[in-house]
Colleague: 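Below: one structure in C-alpha cells.
Note that this is a predicted model, so its numbers are computed, not measured. No hydrogens, no waters, no symmetry mates; every other heavy atom, side chains included, goes into these values.
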Amino acid sequence: MGEQESRNEGIREQLTNACLNSEGLLMLINLDNFQIFDYVYGKEVSDELLRAIFKAITDNTGAEDIRASVGGDGFIVFSKTITDNVSFSRLYGNMKNKLSEYVKHLVGEDMKISLGVSVGVVMVPQEGTDFAELFQKANSALEMVKITGTSGCAFYGNTKNLPQAENVSDKVQTVSRGLEENGETGALWLEYDQFSIVYRFMRRYIQTYDRKAVKMLITIHPIDVTMPEDELASITREFGMVVNKTLRKSDIMMQSRPHQYFLLLNEMDAAFISKTYARIMSNWQNSPNYYKVRTTYECEDLKPAEQ
C-alpha cells in the first residue's frame, strides 16, 4: 500500500469512528470552477490557493476535528465543535472571505474567473451513524447546491430554500436564443457565469457518453511593450471576434483575462488543435493589427467529471 493510499485509509477510519461515536457535522466542501482556474493560472498557483483554503478550514475548526483534501478541489470535514447553524455560518463566511482575499493576492483584481465555495452538510447522529451513508447524504446536499449554478451551502434534508435549477437553465437558454435570433454563426461566446455552467455540463456529458473535447487558451501579447492599455484591449476584442467567427457553432469561448481567451472545443482532440489555431491566424492576418501583437496558445484534453 502506497503512502497516499495508506493516509486515505487512515482518514476514512477516523471518519468512520467519528460518525459512529460522536455528535457533529460531516461536511463536503468544494471550490466552484476550480478546474477552470487551475487551467488558466497553473498548478503552482492553484496549489497555493488550496493550501490557503485548507488553512482557513483548520483555523476555524477544533483541534480534534477531522480535515482532509478530497478530489483535488474539495475537502471533507467532520467537526465536533461546529454543531449548529451559527458556528457553521461563521466557518462558511470565513472560507468565502479567505478565498476572495487570497485570489486577489495571487492573481490580482482583473481575474474574470470568479471562484466560489459550495458545501453539503449532514448532521450526525440525526441523519445516521454509518459513514458511507452519511457521505452520500452530504454529497447529495452538495449536488443540490451545484445544480443551481450558484455558490452556497445546504444541509441534507433542508434544501427547499435553494434557488431552483430552472433559473440556471433560463440563463443558458437566453444566451442561445439571443444567438439564434440574431442569426449569428461561430462559437458561443459566453460570460463567466454562463460559461461555468456549460463547462460543468460538458465534463458530465463526456463522462456519460464517452465523448471528447479540448480546452485551449490563447493569449495576446503586444509587440511594443509600451502599447497603451486601451489600444491593446481594442485589439484583443477584435481578435476575439475573429476567433468567434472561425470556430464552429458547437464550440464555446469566454474572455478569461484582459488579453486571453479560453476555448472549449467539442468533438476534437489535440491532434487537430494546430489546424484550428492555423485557421484562426489565417483569418487574423487580414487585420491591420496583425503585426502589432503576437499570440501563443496552450491546450489539453477536457477531463471527464469524476464519478
Colleague: Thinking salt bridges, do Glu101 and Lys55 make one under a 4.0 Å N-O criterion?
Modeller: no

Colleague: Establish whether Leu20 and Met123 are linked, either directly or via other cluster members, by ILVMFWY side-chain heavy-atom contacts under 4.5 Å.
Modeller: no

Colleague: Is any side-chain N of the basic residue among Lys292 and Glu231 closer than 4.0 Å to the acidic one's carboxylate O?
Modeller: yes

Colleague: Stepwise, does the side chain to side chain contact (heavy atoms under 4.5 Å, CB included) test hold for Arg67 with Thr58?
Modeller: CA-CA 7 Å; Arg67 301 164 289 264; Thr58 302; 3.7 Å; yes

Colleague: Can you confirm if the aromatic rings of Trp189 and Phe195 lie within a centre distance of less than 6.0 Å?
Modeller: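 So the answer is no for these two rings.
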
Colleague: Would you say Glu23 and Thr83 are linked by a side-chain donor-acceptor pair, where the criterion is simply a distance under 3.5 Å?
Modeller: no

Colleague: Hey, is CG on Asp224 packed in by over 12 heavy atoms from elsewhere, all under 6.0 Å?
Modeller: yes

Colleague: Indicate whether any N or O donor in one side chain lies under 3.5 Å from an N or O acceptor in the other, for Tyr277 and Thr295.
Modeller: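 Their side chains do contain a donor-acceptor pair, which is all the 3.5 Å distance test asks for.
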
Colleague: Determine whether more than 12 heavy atoms belonging to other residues, nucleotides or ligands lie under 6.0 Å from atom CD of Glu64.
Modeller: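 Not buried by this count: 12 neighbours or fewer within 6.0 Å.
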
Colleague: Taking everything shown except Glu13 itself, do over 12 heavy atoms lie less than 6.0 Å from its CD?
Modeller: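 Atom CD in Glu13 is not packed in, count stays at 12 or less.
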
Colleague: Evaluate the criterion side chain to side chain contact (heavy atoms under 4.5 Å, CB included) for residue pair Leu134 and Tyr156; output intermediate values, then yes/no.
Modeller: CA-CA 9 Å; Leu134 290 166; Tyr156 178 79; over 6 Å; no

Colleague: Is there a path from Val86 to Val77 through hydrophobic residues (I, L, V, M, F, W, Y) whose side chains come within less than 4.5 Å of each other?
Modeller: no

Colleague: Do Leu25 and Phe155 come within less than 4.5 Å of each other through their side chains, counting heavy atoms only?
Modeller: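 Of all side-chain heavy-atom pairs linking Phe155 with Leu25, at least one is under 4.5 Å.
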
Colleague: Between the side chain of Asn94 and the main-chain N/O of Arg90, is any donor-acceptor distance below 3.5 Å?
Modeller: yes

Colleague: Taking Gln136's backbone N and O only, do any of them form a donor-acceptor pair with Glu133's side chain (distance below 3.5 Å, no angle check)?
Modeller: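 Side chain of Glu133 to backbone of Gln136, a donor-acceptor pair under 3.5 Å: no, none is there.
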
Colleague: Treating Asn21 as the side-chain partner and Asn17 as the backbone partner, does any N or O pair qualify as donor plus acceptor under 3.5 Å?
Modeller: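 Side chain of Asn21 to backbone of Asn17, a donor-acceptor pair under 3.5 Å: yes, one is there.
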
Colleague: A side-chain contact here means heavy atoms from C-beta on lying under 4.5 Å apart; do Ser79 and Met27 qualify?
Modeller: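 A side-chain contact exists here, since the closest heavy-atom pair is under 4.5 Å.
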
Colleague: Counting C-beta onward and ignoring hydrogens, is there a side-chain heavy-atom pair between Glu9 and Gln14 closer than 4.5 Å?
Modeller: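 No, their side chains stay 4.5 Å or more apart.
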
Colleague: Would you check if there is a donor-acceptor pair between the side chains of Thr246 and Asn283 at a distance under 3.5 Å?
Modeller: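 Indeed, the side chains of Asn283 and Thr246 share at least one donor-acceptor pair under 3.5 Å.
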
Colleague: Any chance the side chains of Asn266 and Arg211 put a donor and an acceptor closer than 3.5 Å?
Modeller: no

Colleague: Are the side chains of Leu264 and Asp251 in contact, using a 4.5 Å heavy-atom criterion?
Modeller: no

Colleague: Is any side-chain heavy atom of Thr219 closer than 4.5 Å to one of Tyr297?
Modeller: no

Colleague: Does Met227 share a hydrophobic cluster with Ile223, counting links as ILVMFWY side-chain heavy atoms below 4.5 Å and allowing steps through other members?
Modeller: no

Colleague: Would you check if Cys19 and Thr129 make a side-chain contact, meaning some heavy-atom pair closer than 4.5 Å?
Modeller: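 Not in contact.
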
Colleague: Hey, are His221 and Thr296 close enough side-chain-wise for a donor-acceptor pair under 3.5 Å?
Modeller: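 Checked: Thr296/His221 side chains pair up, N/O donor to acceptor below 3.5 Å.
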
Colleague: With the side chain counted from C-beta on, respond yes when Asn30 and Val117 share a heavy-atom pair under 4.5 Å apart, and no when they do not.
Modeller: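 No. Closest side-chain heavy atoms not under 4.5 Å.
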
Colleague: When you look at Lys215 and Tyr199, which way does the side chain to side chain contact (heavy atoms under 4.5 Å, CB included) test go after all the steps?
Modeller: CA-CA 10 Å; Lys215 299 178 290 186; Tyr199 182 90; 3.5 Å; yes

Colleague: Are there more than 12 heavy atoms of other residues, nucleotides or ligands under 6.0 Å from atom CD of Glu229?
Modeller: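 For Glu229, atom CD is crowded (more than 12 foreign heavy atoms under 6.0 Å).
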
Colleague: When you check the side-chain N and O atoms of Asp32 and Ser196, is any donor under 3.5 Å from an acceptor?
Modeller: no

Colleague: Might you confirm whether atom CZ of Arg12 has over 12 heavy atoms from other residues, nucleotides or ligands at distances under 6.0 Å?
Modeller: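 No, the 6.0 Å shell around CZ holds no more than 12 heavy atoms from other groups.
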
Colleague: Would a distance-only check, ignoring hydrogens and angles, find a side-chain to backbone donor-acceptor pair under 3.5 Å from Thr236 to Leu232?
Modeller: yes

Colleague: Cut-off 3.5 Å, side chains only: do His105 and Glu48 have a donor facing an acceptor?
Modeller: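 Note: His105 and Glu48 side chains miss the donor-acceptor criterion.
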
Colleague: Please confirm whether the backbone N or O of Lys96 pairs with a side-chain atom of Ser100, one donor and one acceptor, at under 3.5 Å?
Modeller: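 Answer holds: no.
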
Colleague: Tell me, do Phe262 and Ile252 make a side-chain contact under 4.5 Å, heavy atoms counted?
Modeller: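 No, their side chains stay 4.5 Å or more apart.
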
Colleague: Look at the side chain of Arg203 and the backbone N and O of Lys303, then say whether any donor-acceptor pair between them is shorter than 3.5 Å.
Modeller: yes

Colleague: Got a donor-acceptor contact below 3.5 angstrom from the Asp38 side chain to the Phe34 backbone?
Modeller: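 Looks like no, no N/O pair under 3.5 Å.
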
Colleague: Evaluate the side chain to side chain contact (heavy atoms under 4.5 Å, CB included) criterion for residues Val293 and Trp284: first the C-alpha distance (whole Å), next the side-chain angles of each, then the deciding distance (0.1 Å), finally the verdict.
Modeller: CA-CA 11 Å; Val293 296; Trp284 173 237; 3.9 Å; yes

Colleague: Do any N or O atoms from the side chain of Tyr41 and from the backbone of Ser46 form a donor-acceptor pair under 3.5 angstrom?
Modeller: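 Pair absent, no side-chain N/O of Tyr41 close to backbone of Ser46.
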
Colleague: Looking only at atom types and distance, does a side-chain atom of Asn244 sit under 3.5 Å from a main-chain N or O of Gly240, one as donor and one as acceptor?
Modeller: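 Side chain of Asn244 to backbone of Gly240, a donor-acceptor pair under 3.5 Å: no, none is there.
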
Colleague: For the residue pair Gly152 and Tyr92, what are the closest heavy atoms and their distance?
Modeller: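 The pair with the smallest heavy-atom distance is CA-OH, 3.1 Å.
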
Colleague: Using modelled atom types only, decide if a donor and an acceptor are shared between the side chain of Asp65 and the backbone of Lys80 within a distance under 3.5 Å.
Modeller: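 Such a contact is found between Asp65 side chain and Lys80 backbone.
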
